[in-house]
Amino acid sequence: MRKPRIAVIPGDPSGIGPELVAKLLSDSETAERADILLIGDSHVLRMGETQSEVSFERTPCDPEGDWTRIEPIAWFETESIREDEIAVASSAKPCGKCAIENLSTALDFVKDGVVDGLLFAPFNKEALHMAGLGHNDELHFIAEYLGAEGYISEVNTLEGIWTSRVTSHIALRDVADTISEDRICKAILLIDGLLRRSGIKRPRISVAALNPHAGDGGNFGSEEICVIRPAVEKMAARQLAVDGPWPSDTVFLKAKAGEIDAVVTMYHDQGQIALKLMGFDRGVSVLGGLPVPVATPAHGTAFDIAGKGIAEAGAIRAAFATVCDMVGNWR
């Protein structure tokens with residue numbers, strides 16, 4: 001089988017993205033794992049090399065031709081931002097515009113079948129919205145761009161532990177009114193499908209409760225009884241290996257002990273806090289429900305260390321490996 005064809009973009013140029021991409025692509029093993037189509041402005045890529053004190057070879061290409069013959073890295077040059085518009089370590093409209101333009105270019109290559117998957121370095125949501133992003137986040141932008149019509153959700157993974165969310169980028173006060181039996185079932189099915197595509201034949205999934213002590217039999221809320229447990233039972237009846245609801249302050253102990261493969265959480269921070277405590281610099285976000293694998297480091301643009309050359313590349317390496325693995329099972 002041919003190697004996965006992966007598009008790579010450097011994310012927001014004001015953050016640690018260019019540095020992370022330089023560190024990833026300077027490793028010879030990266031190009032051995034996949035055919036890489038790097039998309040970005042020449043000065044942004046040079047800035048990443050300077051920040052990280054590494055370099056990597058890249059060759060300009062025409063993606064409409066057989067770019068996979070180019071070694072080690074094929075590069076499609078863009079002109080999405082002027083050098084004097086980059087404001088390192090701060091949110092800026094031109095940087096958000098740069099990120100959107102490069103993402104759109106990569107998604108065009110996805111739609112045309114030029115690449116099999118996409119890896120992007122971190123975006124800054126404030127900058128994206130300053131630049132006119134008309135969606136809550138990049139996941140919804142990408143889903144609309146690619147015409148994905150089913151259930152979508154950001155999924156996170158860290159060294160064999162996966163999480164999906166029933167709700168994501170909404171106010172905490174709206175969570176209880178938003179979760180439903182249908183949404184929980186879809187979140188379970190999403191993580192089950194992604195785990196199967198990552199190579200796990202029968203994923204073991206636990207569902208987190210919403211309330212303290214899983215509602216304590218209804219004393220602290222009825223969502224576990226009326227909404228969450230019926231969804232779990234419905235999915236178990238379909239022969240999925242799923243159980244719950246489990247108190248959210250203990251369910252990740254099961255995951256850490258290797259007893260389960262995934263946790264379905266009710267809201268954003270319920271899973272993110274646990275995973276980031278276990279390995280902030282190694283976590284990966286997978287955008288679930290899309291027609292191709294798309295992943296990014298689970299951390300953000302890290303303005304506090306941007307431009308200093310000290311960002312750890314563990315998460316972007318893990319994200320790259322995840323996309324490659326999923327492409328192999330996607331075909």
Side-chain angles (χ1 to χ4, degrees), residues 9-15 17 80 90-108 110-111 118-157 162-180 182-191 193-194 208 210 263-276 283-303 315 319:
I9 58 176
D12 190 309
S14 65
S80 62
S90 63
S91 301
K93 179 178 178 179
C95 293
K97 178 175 175 289
C98 165
I100 293 172
E101 288 190 10
N102 286 327
L103 175 60
S104 299
T105 298
L107 295 176
D108 286 336
V110 167
K111 290 199 292 187
L118 168 62
L119 169 70
F120 62 90
F123 296 143
N124 180 269
K125 286 182 175 56
E126 182 181 4
L128 293 177
H129 287 117
M130 291 170 69
L133 184 76
H135 302 75
N136 285 344
D137 51 36
E138 61 269 21
L139 169 59
H140 288 81
F141 172 82
I142 294 171
E144 182 178 294
Y145 206 104
L146 296 181
E149 298 180 348
Y151 182 79
I152 58 172
S153 177
E154 186 176 294
V155 172
N156 293 99
T157 178
W162 292 67
T163 66
S164 67
R165 309 171 191 161
V166 178
T167 67
S168 188
H169 296 126
I170 66 171
L172 189 58
R173 69 168 62 221
D174 297 329
V175 170
D177 292 333
T178 303
I179 64 171
S180 66
D182 180 62
R183 289 181 68 94
I184 295 167
C185 288
K186 287 177 177 177
I188 293 170
L189 289 169
L190 180 71
I191 196 75
L194 285 174
L210 174 67
V263 178
V264 174
T265 62
M266 294 299 114
Y267 56 93
H268 183 281
D269 286 3
Q270 193 176 45
Q272 288 291 80
I273 291 172
L275 284 191
K276 290 186 177 182
V284 175
S285 292
V286 178
L287 306 192
L290 302 177
V292 297
V294 179
T296 187
H299 57 68
T301 44
F303 286 162

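For the single chain, residues carry numbers from 1 onward in sequence order. Fair warning: this is a prediction, and the values are worked out from it, not measured in the lab.
The side-chain contact (heavy atoms from CB on, under 4.5 Å) test applied to A208 returns S248, V251, V263, Q270, not counting sequence neighbours. Every residue was checked against the salt bridge (Lys or Arg N to Asp or Glu O under 4.0 Å) condition with D269, not counting sequence neighbours, and none meets it. Listed by chain and number, the residues in a side-chain hydrogen bond (donor to acceptor under 3.5 Å, both in side chains) with T157 are W162 (sequence neighbours excluded). For H129, the side-chain hydrogen bond (donor to acceptor under 3.5 Å, both in side chains) criterion is met by no residue, not counting sequence neighbours. Taking the side-chain hydrogen bond (donor to acceptor under 3.5 Å, both in side chains) definition, one finds that H169 meets it with D137, sequence neighbours left out. Contacts of K276 classified as side-chain hydrogen bond (donor to acceptor under 3.5 Å, both in side chains), with partners at least two apart in sequence or in another chain: none.
From N102, atom CG reaches atom NZ of K97 across 10.0 Å, with rounding to the nearest 0.5 Å. Once rounded to the nearest 0.5 Å, the distance linking CZ of F123 with CG of L133 reads 9.5 Å. Note: I170 CD1 to N136 CG = 9.5 Å, rounded to the nearest 0.5 Å. To the nearest 0.5 Å, atoms CZ (F303) and CD (E126) are separated by 8.0 Å. Atoms CD1 and CG, on I9 and L107 in that order, are 7.5 Å from each other to the nearest 0.5 Å. Annotation: the span from L190 atom CG to C185 atom SG amounts to 12.5 Å, rounded to 0.5 Å.
Shown here for G283 and A315, the closest heavy-atom pair between the two residues is O-CB, 3.4 Å. Residues G289 and A148 share a closest heavy-atom pair of O-CB, 3.7 Å. Residues V284 and A319 approach most closely at CG2-N, 3.4 Å, considering heavy atoms. Minimum interatomic distance between L290 and A143 (heavy atoms only, all atoms of both residues): CD2-CA, 3.7 Å. Pairing each heavy atom of P122 with each of T296, the nearest pair is N-OG1, 4.1 Å. Heavy-atom minimum distance, T178 versus D174: OG1-O, 2.7 Å.
With hydrogens and angles ignored, the 3.5 Å screen pairs a side-chain donor or acceptor of S164 with a backbone N or O of A187. When atom types are taken as modelled, the side chain of S168 and the backbone of H268 share no donor-acceptor pair closer than 3.5 angstrom. Using modelled atom types, no side-chain atom of S153 and backbone atom of G288 make a donor-acceptor pair closer than 3.5 Å.
Side-chain atoms of L146 and K111, non-hydrogen and from C-beta on, do get closer than 4.5 Å to each other. A heavy-atom distance below 4.5 Å is not found between the side chains of Y267 and I179.
Counted by atom type alone, D12 and S14 present one or more donor-acceptor pairs between their side chains at under 3.5 Å. If you check the side chains of E101 and S80, you find no donor sitting under 3.5 Å from an acceptor.
Using cut-offs of 30° and 60° on the angle between ring planes, the pair Y145 and F141 is tilted.
Other residues, nucleotides and ligands contribute more than 12 heavy atoms inside 6.0 Å of the NZ atom of K125.
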Inset, instruction - Carefully, step by step, assess I100 and L128 under the rule side chain to side chain contact (heavy atoms under 4.5 Å, CB included). - result: CA-CA 7 Å; I100 293 172; L128 293 177; 3.7 Å; yes
Inset, instruction - Starting from the C-alpha separation in whole Å, work towards a yes-or-no answer on side chain to side chain contact (heavy atoms under 4.5 Å, CB included) for E154 and V286. - result: CA-CA 6 Å; E154 186 176 294; V286 178; over 6 Å; no
